Protein chains: 2
Amino acid sequence: MKIGQATIKDIARELNVSSSTVSRALKDYPGISDETKRKVKELAAKLNYRPNAIALSLRKSRSFTIGVIIPEVVHFFFSTVISGIEEVAYSRGYNVILTQTNEKFDRERSSIETMLSNQIDGFLVSYSKETQEFDHFSNLLDQGYPIVFFDRVPDIPKAINVMVDDYRGSYDAVSHLIRQGYKRIVHLAGPKNLTISKERIRGYKDALTDHGIQVDENLIVECPLGTDDESRKITAEILKSPAQKPDAFFGNNDMAAVGAMMACRDAGLKVPEDVGVVGFSNWQFCSMIEPGLSSVAQPGFQMGAKATEILLDIIEKKLDPEQINEPITLPTELLIRKSSVRTKN
Amino acid sequence: MKIGQATIKDIARELNVSSSTVSRALKDYPGISDETKRKVKELAAKLNYRPNAIALSLRKSRSFTIGVIIPEVVHFFFSTVISGIEEVAYSRGYNVILTQTNEKFDRERSSIETMLSNQIDGFLVSYSKETQEFDHFSNLLDQGYPIVFFDRVPDIPKAINVMVDDYRGSYDAVSHLIRQGYKRIVHLAGPKNLTISKERIRGYKDALTDHGIQVDENLIVECPLGTDDESRKITAEILKSPAQKPDAFFGNNDMAAVGAMMACRDAGLKVPEDVGVVGFSNWQFCSMIEPGLSSVAQPGFQMGAKATEILLDIIEKKLDPEQINEPITLPTELLIRKSSVRTKN
DNA sequence: TTGTACGCGTTATCAG
DNA sequence: CTGATAACGCGTACAA
């Protein structure tokens with residue numbers, strides 16, 4: 001079965017009119033008798049006619065589909081972003097085709113290829129951790145292909161970037177820790193090739209400096225994986241070495257922060273009394289654990305929505321990409337929970 | 001720009017051959033001189049030729065794209081499933097187009113429409129909580145359209161269903177609680193129109209009965225939303241009424257279980273000493289909270305992968321849908337953590 | 001070994 | 001008000 005999807009031609013044949021007439025009747029073109037319109041529409045409904053979007057795409061070289069390239073779907077933040085993307089795309093009549101790179105550079109490239117084959121109208125991308133050079137994006141940009149980057153954004157000409165204000169979020173979190181009386185604050189940092197990691201490190205440093213605390217590079221520890229296990233081990237190491245004596249941990253993400261909390265517990269240290277902890281992303285579990293984990297909330301949904309709106313505006317020529325010279329920055333919000341609040345000092 | 005995507009014709013013109021020759025050369029057809037092949041391929045590479053998948057779809061009435069319809073992307077379990085889907089689809093050369101229904105029936109229907117317009121090769125669906133009748137699926141099935149349902153599966157003819165063994169998972173969880181000495185076990189149930197909810201209730205009841213405990217319908221409480229807030233309130237109510245005196249909670253999902261834990265804490269009850277708690281889904285946070293939440297793990301990734309494999313096998317005629325008469329069931333695993341283990345008693 | 005012609009479903013254009 | 005034709009990019013039966 002399934003063969004029998006009715007086409008314009010079928011309707012035309014049955015009604016003894018030309019297919020162009022049918023096409024026009026269906027779209028309420030001027031200059032078609034009401035009589036014909038009615039008949040056509042009736043039959044169309046009866047035959048359950050459904051326009052073939054593929055044929056349309058071929059004709060218009062537009063697919064009304066946007067491609068989303070994302071490192072991992074199973075990631076609270078990213079899934080939130082996808083949700084925002086899907087929401088806006090749907091409401092504006094676009095399809096979303098999705099690929100995850102699993103943080104692989106090769107897969108990023110091949111996904112772009114297949115999407116191009118599919119005449120995607122534009123891209124929404126957050127690049128992989130492996131990605132170190134951006135020619136595959138630059139080429140497209142040079143050809144005038146619409147791309148909007150989000151969260152993990154490249155520093156290349158013509159790129160349109162949507163990101164959260166990582167600097168500010170980080171700055172706020174660290175300032176808060178300092179105000180609570182914590183002094184030796186470790187930053188469990190992310191991969192240093194990512195702009196977001198760099199920005200967060202910058203915010204961390206500036207907050208310290210602005211509060212008269214000298215930056216100690218030894219307290220900036222990279223956690224490339226960003227898992228709780230990894231940071232648990234790293235934190236345990238730090239706590240062992242008597243030289244460090246940190247009294248707070250600021251995680252580049254919530255998993256890292258949780259790992260630190262667990263390591264503290266393992267070492268017999270109390271959070272927040274002995275050690276303060278703040279994370280980044282505000283995953284769902286932050287409010288469920290005990291003590292609640294303070295965290296910098298990122299507006300994932302809004303980010304996805306915003307990026308999509310911009311992309312679609314560009315695709316529909318409502319917006320000239322040249323006009324956008326600065327990254328679009330979305331505000332973060334520091335959510336303070338127990339893990340960083342000293343009842344007394 | 002972007003206009004200048006090279007086509008077969010461009011290559012043909014430049015080489016003074018016909019476009020069919022180019023087409024054949026590109027695909028290593030027999031009966032093309034090596035010389036021509038070489039030239040064609042060279043030029044193709046040089047022009048960065050990329051086959052137009054849309055044209056191909058039109059010709060073959062196949063799009064090599066599958067449509068995924070899911071209630072919510074921002075849901076740990078579903079995002080895991082999507083990941084499995086994407087993985088298999090990618091490895092077999094298919095695109096994934098994604099829509100979320102936000103649990104709305106209308107959106108489910110309209111998504112199906114647009115996907116049909118896009119000549120999707122098949123569907124992967126988990127239906128919305130609002131969905132009460134299934135004609136929109138039955139019609140497709142009757143027309144021979146390939147659909148594989150997962151997790152939330154309908155009870156209609158010809159449907160191919162992939163699900164976890166909810167009954168078994170529930171049975172195991174409740175049996176475990178009983179063995180730990182808990183006796184009055186409340187089940188925070190899901191929406192009763194969903195098969196998964198029903199199955200979990202069935203498992204709950206059978207476990208009680210098999211262990212010689214009489215089922216008390218009052219202890220089965222529906223939590224339609226499945227949020228922690230909701231179940232926290234509901235649990236608080238239950239704990240207030242002196243008649244009930246429950247000593248354990250089995251949640252239809254982890255959020256519900258966490259809500260119950262919070263309510264117990266609020267009421268001054270200790271988990272697991274006074275009250276045992278088990279959840280369902282094994283979300284990431286289960287291992288991060290204190291005490292760790294015991295939970296029934298659902299193999300989301302495998303479910304997505306399995307469903308996709310079946311769908312693609314059907315699409316590619318490697319598998320006859322008629323052959324599948326029973327739901328495909330994936331095993332769950334009970335992960336026991338502190339929240340349900342009594343040190344003594 | 002290569003070329004010609006047609007069709008997939010739709011719509012824009014030009015003629016009636 | 002309506003019809004015929006061409007074109008989007010590709011594959012393929014048929015002819016040469």
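The shown structure was predicted, so the numbers you read here are calculated from the model rather than taken from an experiment. Quick note: numbers below take in every heavy atom, side chains included, and nothing from hydrogens, waters or symmetry partners. In what follows, chains are A, B, ... by sequence order, proteins preceding strands, each numbered from 1.
- Overall, the helix from C:dT1-D:dA16 to C:dG16-D:dC1 carries an axis bend of 50° between its ends, with five pairs at each end and the value rounded to 10°.
- Residues meeting the side-chain contact (heavy atoms from CB on, under 4.5 Å) test with A:Lys318, sequence neighbours left out: A:Arg92, A:Asp313, A:Glu316.
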Check nucleotides 10-12 of chain D for protein N or O atoms closer than 3.5 Å to its own N or O atoms and list the pairs.
| from | atom 1 | to | atom 2 | distance (Å) |
| --- | --- | --- | --- | --- |
| D:dC10 | OP1 | B:Tyr49 | OH | 2.7 |
| D:dC10 | OP1 | B:Asn52 | N | 3.3 |
| D:dC10 | OP2 | B:Ile8 | N | 2.7 |
| D:dC10 | O2 | B:Arg59 | NE | 3.1 |
| D:dG11 | OP1 | B:Lys27 | NZ | 3.4 |
| D:dG11 | OP2 | B:Ser23 | OG | 3.0 |
| D:dG11 | O4' | B:Arg59 | NE | 3.3 |
| D:dG11 | N2 | B:Arg59 | NH2 | 2.9 |
| D:dG11 | N3 | B:Arg59 | NE | 3.3 |
| D:dG11 | N3 | B:Arg59 | NH2 | 2.7 |
| D:dT12 | OP2 | B:Tyr29 | OH | 2.8 |

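- Contacts classified as side-chain hydrogen bond (donor to acceptor under 3.5 Å, both in side chains) and involving residues 299-309 of chain A (residues at least two apart or in different chains) are not found.
- Nearest approach of A:Ile147 to A:Leu140, heavy atoms of both residues: CD1-CB, 3.9 Å.
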Please list, one pair per line, the donor and acceptor atoms closer than 3.5 Å that link side chains of residues 69-80 of chain A to other protein atoms, with sequence neighbours excluded.
| from | atom 1 | to | atom 2 | distance (Å) |
| --- | --- | --- | --- | --- |
| A:Ser79 | OG | A:His75 | O | 3.4 |
| A:Ser79 | OG | A:Phe76 | O | 2.9 |
| A:Thr80 | OG1 | A:Phe76 | O | 2.6 |
| A:Thr80 | OG1 | A:Phe77 | O | 3.4 |

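- Note: CG (A:Asp34) to C1' (D:dT2) measures 15 Å, nearest angstrom.
- Residue-level contact check: A:Thr36 touches the backbone only, with heavy atoms under 4.0 Å from sugar-phosphate atoms and none from bases.
- For the salt bridge (Lys or Arg N to Asp or Glu O under 4.0 Å) condition, the pairs that include at least one residue of residues 148-164 of chain A, sequence neighbours left out, are A:Glu103-A:Arg152, A:Asp142-A:Lys158.
- Remark: B:Glu42 engages B:Arg38 in a side chain to side chain donor-acceptor pair (under 3.5 Å) (not counting sequence neighbours).
- The residue among B:Leu58 and B:Lys37 whose nearest nucleotide of DNA chain C lies closer to the 5′ end is B:Lys37.
- In this structure A:Ser111 satisfies the side chain to side chain donor-acceptor pair (under 3.5 Å) test with no other residue, sequence neighbours excluded.
- Under the salt bridge (Lys or Arg N to Asp or Glu O under 4.0 Å) criterion, A:Lys9 pairs with no residue at all, not counting sequence neighbours.
- By the ring-ring contact (aromatic ring centres under 6.0 Å, His included) test, A:Phe301 is found to be paired with no residue, residues two or more places apart in sequence or in another chain being considered.
- Think of the region where chain A sits on DNA chain C: with heavy atoms and a 4.0 Å cut, that region ends 5' and 3' at C:dC8 to C:dT13.
- Here side-chain hydrogen bond (donor to acceptor under 3.5 Å, both in side chains) pairs that include residues 46-58 of chain B, with residues two or more places apart or in two chains, are A:Glu113-B:Arg50.
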